[in-house]
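Everything numeric here is computed off the predicted structure, so don't read it as measured data.
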Amino acid sequence: MTTPERPRHETLAEVQRMVARARPEQLRRLLADIRAAEMSDRGGDGPQRRAS
């Protein structure tokens, strides 16, 4: 997962709206990115996704 050049400051309500409008495939990719980030934070050797 890439880090944005400038931090984004969405409110919880904005994030909830984005998730509510997301397509199922987008949600699967988001969850995969979160899991990969958790694994790398723990020093695990989990799957790595790269932005295309």
Side-chain angles (χ1 to χ4, degrees):
M1 193 163 97
T2 61
T3 304
E5 292 178 12
R6 62 181 178 87
R8 297 180 68 174
H9 298 285
E10 286 89 358
T11 65
L12 178 57
E14 290 169 338
V15 172
Q16 289 173 327
R17 280 192 292 274
M18 284 189 282
V19 170
R21 289 190 304 251
R23 295 185 307 267
E25 179 57 28
Q26 290 173 311
L27 294 175
R28 283 190 285 274
R29 290 173 53 196
L30 175 62
L31 289 173
D33 284 345
I34 292 168
R35 288 181 185 122
E38 287 175 346
M39 291 298 291
S40 66
D41 286 347
R42 295 180 188 154
D45 205 9
Q48 297 290 320
R49 294 190 68 238
R50 298 183 192 248
S52 349

Original post:
Under the side chain to side chain contact (heavy atoms under 4.5 Å, CB included) criterion, do Val15 and Met18 qualify, and how do the steps go?
Top reply: CA-CA 5 Å; Val15 172; Met18 284 189 282; 4.1 Å; yes
Subject >> Where Gln26 and Arg23 come nearest, the two heavy atoms and their spacing >> reply: OE1-N, 2.7 Å
Subject >> Approximate separation, where rounding is to 0.5 Å, of Met39 CE and Ile34 CD1 >> reply: 14.5 Å
**OP:** Using a strict cut-off of less than 4.0 Å between a Lys/Arg side-chain nitrogen and an Asp/Glu carboxylate oxygen, indicate whether Glu38 and Arg35 qualify as a salt bridge.
**Re:** no
